[in-house]
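First the structure, in the form of structure tokens, and then the observations on it.
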Amino acid sequence: MKSPRTILITGASSGLGAALARGYASPGRRLVLGARRADALAAIAQDCRTAGAIVETALVDVTDRAATAAWVVAADEAGALDLVIANAGISGGTGGGGEAAEQTRAMFAVNVDGLFNTLLPIVPRFRARKRGQIAVMASLAGFRGTPGAPAYCASKAAVKVWGEGMRGVLADDGVELSVICPGFVRTPMTAANEFPMPFLMEADKAARLIARRLEANAGRIAFPWPMAFGAWMIAALPEALAGRLLARTPRKPARF
């Protein structure tokens, strides 16, 4: 979509969500920002207002299906949304001795159910209007599971594949959907990693790249390209070979 005027972003208080909010902030543009941390969200909102944007904020826990749906629908009724970016997510891994059941369930509750809670209420509205754009925040980690972060990889694989399938479904109604698959981006989420992160990208640069590719209606926005190519190649390898290569990858710190 060219120059969306009204944009809703979840997970907007930090990381890529905050960078996208700042990047889209411009005179006359309406930003609807949701997150769980009030102080951080207020700071981002002020930055966006300073840039001239009209900003609405809400404390939103995307795992709350009813509350999230009510927020999205109310935002759309107040003024038709053009672009919805389902960005909210958490990470965690097996560093320190394994992956707790609580971590696995939390990962899917936020990364998968939270994304559905955000998008499913707006999909029929976009289809009825025959316009609108959706951005699904997946990850290069969703191309193939790794021993370092099984639940994170699986949750991102789920939304990646769902988004790829839904793109074809929604295209018939004039609705655009893009699946975003970032590599390592400098955010509070990656700050917890205690291992080298090749091709680490600054969040503002990643946000600019995402915005350009969304404007072009790219089906998959995977970056940086060397990491994207590597993820694609590993996913295409025979299981035995891929397993041996990934067995030596570093473990992401556990969240719980």
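Please read these numbers as outputs of a predicted model, since none were measured by experiment. The basis for the numbers below is simple: all heavy atoms, side chains too, and nothing from hydrogens, waters or symmetry mates.
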Following the transitive rule for hydrophobic clusters with a side-chain heavy-atom cut-off under 4.5 Å over Ile, Leu, Val, Met, Phe, Trp and Tyr, establish whether [X] and [Y] coincide in one cluster.
{"X": "V169", "Y": "W162", "answer": "yes"}
{"X": "I221", "Y": "V161", "answer": "no"}
{"X": "L120", "Y": "V110", "answer": "yes"}
{"X": "L59", "Y": "L33", "answer": "yes"}
{"X": "M227", "Y": "I234", "answer": "no"}

What is the minimum heavy-atom distance between [X] and [Y], and which atoms define it?
{"X": "A154", "Y": "F108", "answer": "CB-CZ, 3.7 Å"}
{"X": "A21", "Y": "I44", "answer": "CB-CG2, 4.0 Å"}
{"X": "D82", "Y": "F126", "answer": "O-CZ, 3.9 Å"}
{"X": "F223", "Y": "L140", "answer": "O-CD1, 3.6 Å"}
{"X": "G145", "Y": "L246", "answer": "O-CD1, 3.6 Å"}
{"X": "V55", "Y": "C48", "answer": "CG2-CB, 3.7 Å"}

For residues [X] and [Y], determine if any side-chain heavy atom of one lies less than 4.5 Å from a side-chain heavy atom of the other.
{"X": "V32", "Y": "I9", "answer": "no"}
{"X": "Y24", "Y": "L214", "answer": "yes"}
{"X": "I7", "Y": "R29", "answer": "yes"}
{"X": "C181", "Y": "S139", "answer": "no"}
{"X": "M107", "Y": "I90", "answer": "yes"}
{"X": "I134", "Y": "L119", "answer": "yes"}
{"X": "Y152", "Y": "N111", "answer": "yes"}
{"X": "S13", "Y": "R36", "answer": "no"}

The residue among T50, D47, D204 that forms side chain to side chain donor-acceptor pair (under 3.5 Å) with R22 is D47
Strictly distance-based, threshold 3.5 Å: is any side-chain N or O of [X] a donor or acceptor partner for the main-chain N or O of [Y]?
{"X": "R220", "Y": "S178", "result": "no"}
{"X": "E99", "Y": "T104", "result": "no"}
{"X": "K156", "Y": "M137", "result": "yes"}
{"X": "Q103", "Y": "G93", "result": "yes"}
{"X": "D76", "Y": "L81", "result": "yes"}
{"X": "R167", "Y": "L177", "result": "yes"}
{"X": "R213", "Y": "R208", "result": "no"}
{"X": "N87", "Y": "T10", "result": "yes"}

Between [Y] and [X], does any NZ, NE, NH1 or NH2 come within less than 4.0 Å of an OD or OE carboxylate oxygen?
{"X": "D173", "Y": "R129", "result": "no"}
{"X": "R244", "Y": "E239", "result": "no"}
{"X": "R125", "Y": "E77", "result": "yes"}

Nearest-0.5 Å distance, NZ of residue K130 to CG of residue D172: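 Between atom NZ of K130 and atom CG of D172 there are 8.5 Å.
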More than 12 heavy atoms of other residues, nucleotides or ligands under 6.0 Å from CZ of R5: is that the case? yes
L8 vs W71, side-chain contact (heavy atoms from CB on, under 4.5 Å): CA-CA, chis, key distance, verdict: CA-CA 10 Å; L8 182 146; W71 171 60; 3.6 Å; yes
Going through the distances and angles, do M201 and F184 end up as a side-chain contact (heavy atoms from CB on, under 4.5 Å)? CA-CA 6 Å; M201 184 179 288; F184 293 117; over 6 Å; no
Test log, rule side-chain contact (heavy atoms from CB on, under 4.5 Å), inputs V136 and I180: CA-CA 6 Å; V136 174; I180 306 169; over 6 Å; no
With side-chain contact (heavy atoms from CB on, under 4.5 Å) as the test, would you mind laying out the steps for L245 and L237 before giving the verdict? CA-CA 10 Å; L245 289 173; L237 290 174; 3.6 Å; yes
For a side-chain hydrogen bond (donor to acceptor under 3.5 Å, both in side chains) check, start with the C-alpha distance between N117 and T68, then their side-chain angles and the critical distance, and finish with the verdict. CA-CA 6 Å; N117 293 342; T68 303; 5.1 Å; no
